[in-house]
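In what follows, a structure is listed as structure tokens, so that the remarks can point back to it.
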Number of protein chains: 2
Amino acid sequence: MNPKDMKYRELFSVSLELFALFGYKKTTVQDVADRLGMTKGNLYFYVKNKQDLYLKTITHALDLWRDSVKQAVDRETDPVVKFRTMALKSVDYIENNAMLRQILMNDPSIFTLSSSEDRFYEINQSAMTIIQEILNQGIEAKRFHPVDVEHVTQYFFSIYVMFLIKTYVKSDTSSSRTMFLEALELNIRGLLLTDGVTPA
Amino acid sequence: MNPKDMKYRELFSVSLELFALFGYKKTTVQDVADRLGMTKGNLYFYVKNKQDLYLKTITHALDLWRDSVKQAVDRETDPVVKFRTMALKSVDYIENNAMLRQILMNDPSIFTLSSSEDRFYEINQSAMTIIQEILNQGIEAKRFHPVDVEHVTQYFFSIYVMFLIKTYVKSDTSSSRTMFLEALELNIRGLLLTDGVTPA
DNA sequence: TATTGAACAAAACGTTTAATAGTTCAGGAA
DNA sequence: TTCCTGAACTATTAAACGTTTTGTTCAATA
């Protein structure tokens with residue numbers, strides 16, 4: 001890895017930690033520069049402005065999240081197992097990442113149900129591709145119902161976002177784990193074709 | 001109907017219209033009193049304060065919504081038809097009620113994914129009862145999978161709220177209708193027991 | 001290319017003040 | 001009693017102010 005990338009990684013890492021700890025407003029450019037052992041003026045060599053620093057930091061964190069899920073999915077071959085792995089790994093990742101959870105709580109607008117308000121549209125779009133590919137593969141293999149892939153992908157991603165909001169933004173922890181697992185099985189049943197037989 | 005109830009209905013009707021038109025902040029107690037042909041002082045005979053007026057007004061509107069869905073569901077007997085009727089009627093009602101839609105847009109916090117923040121907890125709880133009864137009946141009649149009724153009810157209600165937010169709060173109108181219908185069929189398939197046969 | 005530090009601009013903050021809007025209440029009419 | 005009025009009172013909001021903090025730029029430099 002080249003030294004420039006290293007510098008960026010360190011920058012995003014420090015930045016994420018501070019934003020998680022203090023939130024966007026209370027984190028000053030000076031704070032970040034101090035922790036990096038540089039002056040705030042020099043930060044502007046790496047990012048356009050504070051907003052840009054924040055956006056790049058979150059985007060980087062979301063990239064790592066998606067990559068982790070993608071890798072887990074790629075290890076599997078069966079579409080049903082892929083689907084289940086995707087769902088479980090996604091939740092597992094955030095479950096074990098306190099800093100990212102804190103970021104979500106500080107800034108509820110990171111995950112929005114409105115695509116037009118979505119500041120992370122591109123990364124979310126690429127996350128949806130994972131769902132889409134699994135659906136296509138499952139339909140191709142005659143394991144899944146021939147659903148409207150585009151809309152069902154959108155639907156699954158919306159449910160996923162809804163869960164994230166419920167559980168980590170609104171911290172409605174109570175029974176949301178059980179709800180998630182019940183929902184997962186229900187959706188898999190909704191997708192599955194009964195072997196060979198097409199019900200009337 | 002007794003005259004007191006009539007007065008309240010008029011009050012809520014006028015109030016809803018003004019809140020829809022101007023939003024909570026811009027609607028003054030004076031505005032409401034004027035439209036009712038009374039003084040603002042007298043409004044306090046009917047409600048505790050402005051906040052109470054708003055809460056009672058919205059609650060009343062939500063009551064009418066739920067009653068309309070409940071009536072439509074009660075006209076059916078088959079659990080699958082009931083389920084579909086419930087979903088379609090719910091969306092149909094808001095689709096044909098511009099004032100209520102405006103209220104939702106003015107105040108995005110009416111429908112929240114957090115039960116602890118829910119100012120309309122009771123009415124939403126009673127709406128969930130409709131779902132719960134249909135699930136119980138369907139399971140009893142061996143038409144539905146024996147799902148965890150409590151959590152699946154919560155799940156369906158959350159999806160419903162998610163759709164309302166997406167469509168009427170964030171006005172992501174684009175393809176949300178198609179998504180809704182695809183999701184409805186997927187969920188029904190997920191609920192349905194294949195006749196007689198239990199898949200391994 | 002990467003960094004500094006000073007200078008500048010913009011935003012946030014605390015305070016004061018005036019206007020507006022919400023609430024109470026004594027008293028009177030239905 | 002129930003319902004209502006109108007004036008008095010209180011709380012909230014908005015604007016304007018100077019002050020301080022913070023974000024951003026840039027010429028100089030290693």
Side-chain angles (χ1 to χ4, degrees), chain A residues 1-61 102-103 105-110 119-120, chain B residues 1-61 102-103 106-110 119:
Chain A
M1 189 184 312
N2 72 54
K4 187 77 180 274
D5 279 358
M6 270 304 288
K7 201 80 188 175
Y8 271 109
R9 271 170 187 268
E10 196 198 347
L11 173 54
F12 295 146
S13 167
V14 162
S15 183
L16 190 77
E17 191 183 330
L18 291 176
F19 282 133
L21 200 52
F22 304 124
Y24 179 80
K25 205 172 150 186
K26 290 283 183 189
T27 301
T28 65
V29 176
Q30 188 71 61
D31 289 336
V32 180
D34 286 351
R35 279 286 292 272
L36 290 164
M38 59 169 71
T39 58
K40 58 178 177 173
N42 192 37
L43 255 180
Y44 286 79
F45 180 76
Y46 296 96
V47 293
K48 274 209 304 290
N49 49 39
K50 189 185 177 184
Q51 192 58 40
D52 184 48
L53 169 64
Y54 182 72
L55 226 74
K56 287 204 166 94
T57 299
I58 307 291
T59 301
H60 183 249
Q102 193 57 50
I103 291 274
M105 287 179 58
N106 288 343
D107 182 356
S109 74
I110 290 178
R119 288 172 296 161
F120 306 97
Chain B
M1 191 185 309
N2 71 54
K4 186 78 179 276
D5 279 357
M6 270 303 289
K7 201 76 190 180
Y8 271 109
R9 272 169 187 269
E10 196 196 347
L11 173 53
F12 295 146
S13 167
V14 162
S15 183
L16 189 78
E17 191 183 330
L18 291 176
F19 282 133
L21 200 54
F22 304 123
Y24 180 81
K25 203 171 152 187
K26 290 278 187 191
T27 302
T28 65
V29 175
Q30 188 71 60
D31 289 337
V32 180
D34 285 352
R35 279 285 292 273
L36 290 164
M38 59 168 72
T39 58
K40 57 178 178 173
N42 191 38
L43 256 179
Y44 287 79
F45 180 76
Y46 295 97
V47 293
K48 275 208 302 292
N49 49 41
K50 188 185 179 185
Q51 192 58 40
D52 184 48
L53 169 64
Y54 182 72
L55 226 74
K56 287 206 166 94
T57 299
I58 308 292
T59 301
H60 183 248
Q102 193 56 51
I103 291 273
N106 288 341
D107 182 357
S109 74
I110 290 178
R119 289 172 296 161

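Order of the sequence lines fixes the chain letters, A, B, ..., with proteins taken first and strands second; residue numbering starts at 1 for each chain.
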- prompt: Among Tyr46(A), Phe12(A), Phe45(A), which residue meets the side-chain contact (heavy atoms from CB on, under 4.5 Å) test with Lys7(A)?
  reply: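 Of Tyr46(A), Phe12(A), Phe45(A), side-chain contact (heavy atoms from CB on, under 4.5 Å) with Lys7(A) is met by Tyr46(A) alone.
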Whole Å only: how far is the [atom1] atom of [X] from the [atom2] atom of [N]?
X        : N       : atom1 : atom2 : result
Phe45(A) : dT24(D) : CZ    : C1'   : 16 Å
Leu18(A) : dT22(D) : CG    : C1'   : 16 Å
Asp34(B) : dA21(C) : CG    : P     : 12 Å
Met38(A) : dA30(D) : CE    : C1'   : 16 Å
Gln51(B) : dA21(C) : CD    : P     : 17 Å
Gln30(A) : dA11(C) : CD    : P     : 19 Å
Tyr44(A) : dA10(C) : OH    : C1'   : 11 Å
Asp31(B) : dA21(C) : CG    : C1'   : 11 Å

query: What is the ring orientation for Tyr24(A) with Phe19(A), classed by angle as parallel under 30°, tilted 30 to 60°, or perpendicular over 60°?
result: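 Parallel, since the angle between the ring planes stays under 30°.
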message: Heavy atoms only, 4.0 Å cut-off, all strands: where does Lys25(B) land among base, sugar-phosphate and nothing?
response: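 Sugar-phosphate, no base atom in range.
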Counting heavy atoms from C-beta on, name the nucleotide in [options] closest to the side chain of [X].
X        : options                  : result
Asn42(A) : dG22(C), dA2(C), dG6(D)  : dA2(C)
Lys40(A) : dG23(D), dT4(C), dT23(C) : dG23(D)
Tyr46(A) : dA2(C), dT4(C), dT23(C)  : dA2(C)

query: Counting just side-chain N and O atoms, does Lys7(B) come under 4.0 Å of either OP1 or OP2 of dC4(D)?
result: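 Yes, Lys7(B) has a side-chain N/O under 4.0 Å of OP1/OP2 on dC4(D).
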task: Would you please test Leu55(A) and Gln51(A) for side chain to side chain contact (heavy atoms under 4.5 Å, CB included) and show each step?
output: CA-CA 6 Å; Leu55(A) 226 74; Gln51(A) 192 58 40; 4.1 Å; yes
message: Need to verify one output field. Residue with the more 5' nearest nucleotide on DNA chain C, Lys26(A) or Gly37(A)?
response: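 The 5'-side residue here is Gly37(A).
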- request: Show your reasoning for whether side chain to side chain contact (heavy atoms under 4.5 Å, CB included) applies to Leu53(B) and Val29(B).
  value: CA-CA 9 Å; Leu53(B) 169 64; Val29(B) 175; 5.8 Å; no
message: Does atom CE (Met105(A)) have a neighbourhood of more than 12 heavy atoms from anything else shown, all under 6.0 Å?
response: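 Counting other residues, nucleotides and ligands, CE of Met105(A) stays at 12 neighbours or fewer.
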